[in-house]
Peer 1: 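Below you'll find the structure I mean.
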Amino acid sequence: MLAIIVMNLFVGAGVAAAEPSMPAPGNLAKELYYASAAASGSGLCDRTLAARLEEKFDRRFGSRIRALTEIHEAKYGRDPDFIVISSCRQGSGFGSAKTMREFEIRLRGLEQKYGGY
């Protein structure tokens with residue numbers, strides 16, 4: 001579901017895509033997807049648990065991710081699509097306090113890299 005959320009942020013963010021004045025420093029959608037996989041639980045086979053973790057993740061980070069993608073699109077235009085090849089995973093640690101802290105650090109870096117703040 002997070003992949004859908006992240007992809008939809010770029011497709012329907014409600015911000016008119018600007019003509020980029022400079023090349024983007026990378027593919028934000030792709031970086032967000034892979035950086036958030038463990039914290040959000042999006043790759044879990046247990047879809048009930050994954051939905052709960054994704055909701056928790058969105059409450060904590062959703063507004064920041066949406067703001068970052070809007071700024072990114074206004075500066076650089078829409079990112080090119082990317083293909084995610086993965087299967088679901090079993091295991092623990094998804095959505096844990098540790099993975100949330102790790103994503104917090106990664107998100108701060110992405111905000112600096114792509115949002116300029």
Side-chain angles (χ1 to χ4, degrees):
M1 177 150 170
L2 179 65
I4 294 168
I5 292 168
V6 171
M7 296 298 278
N8 284 338
L9 287 173
F10 285 90
V11 173
V15 174
E19 286 298 317
S21 57
M22 64 185 101
N27 188 316
L28 175 62
K30 184 176 181 178
E31 288 193 55
L32 277 171
Y33 176 79
Y34 288 107
S36 65
S40 70
S42 65
L44 286 172
C45 295
D46 181 343
R47 295 312 307 153
T48 303
L49 176 58
R52 281 198 316 266
L53 292 175
E54 288 173 6
E55 185 178 313
K56 177 182 169 185
F57 178 85
D58 188 53
R59 279 193 310 270
R60 181 166 175 182
F61 299 112
S63 61
R64 287 174 60 193
I65 291 172
R66 285 184 287 278
L68 177 59
T69 56
E70 287 180 12
I71 290 168
H72 176 73
E73 271 200 18
K75 278 178 144 174
Y76 306 111
R78 243 176 74 191
D79 280 336
D81 291 337
F82 65 98
I83 297 171
V84 176
I85 301 174
S86 67
S87 57
C88 66
R89 294 174 282 176
Q90 303 285 347
S92 60
F94 290 93
S96 68
K98 179 180 184 253
T99 60
M100 291 289 209
R101 283 190 309 274
E102 289 170 351
F103 182 74
E104 173 72 38
I105 292 165
R106 184 70 179 121
L107 181 56
R108 274 191 243 129
L110 292 173
E111 287 169 335
Q112 290 175 347
K113 179 178 179 180
Y114 290 99
Y117 61 92

Peer 1: Can you tell me how far CD of Glu54 sits from CG of Leu44, rounded to the nearest 0.5 angstrom?
Peer 2: 8.5 Å
Peer 1: Return the CG to CZ distance between Leu107 and Arg64, rounded to the nearest 0.5 Å.
Peer 2: 4.0 Å
Peer 1: Would you indicate whether the side-chain heavy atoms of Arg60 and Phe103 approach each other to under 4.5 Å?
Peer 2: no
Peer 1: Is Glu104 salt-bridged to Arg108, going by a charged N under 4.0 Å from an acidic O?
Peer 2: yes
Peer 1: I'd like to know if Leu28 and Ile65 are part of one continuous hydrophobic network [Ile/Leu/Val/Met/Phe/Trp/Tyr, side-chain heavy atoms within less than 4.5 Å].
Peer 2: yes
Peer 1: Linking I/L/V/M/F/W/Y whenever any side-chain heavy atoms sit under 4.5 Å apart, do Leu53 and Phe61 land together?
Peer 2: no
Peer 1: Between Leu68 and Lys113, is any pair of side-chain heavy atoms under 4.5 Å apart?
Peer 2: no
Peer 1: What closest approach, in Å, do Arg47 and Gly41 show between heavy atoms, and which atom pair accounts for it?
Peer 2: NH1-O, 4.5 Å
Peer 1: For the residue pair Tyr114 and His72, does the interplanar ring angle fall in the parallel (under 30°), tilted (30 to 60°) or perpendicular (over 60°) class?
Peer 2: perpendicular
Peer 1: Quick one: closest heavy-atom pair of Phe57 and Ser40, and the distance?
Peer 2: CG-CB, 3.7 Å
Peer 1: Taking 4.0 angstrom as the limit, do Glu55 and Arg59 come out as a salt bridge?
Peer 2: yes
Peer 1: So, taking the atom named CG in Leu32 and the one named CZ in Arg106, what distance separates them when rounded to the nearest 0.5 Å?
Peer 2: 8.5 Å
Peer 1: So which heavy atom on Phe94 is nearest to which on Ala37, and how close?
Peer 2: CD2-O, 4.0 Å
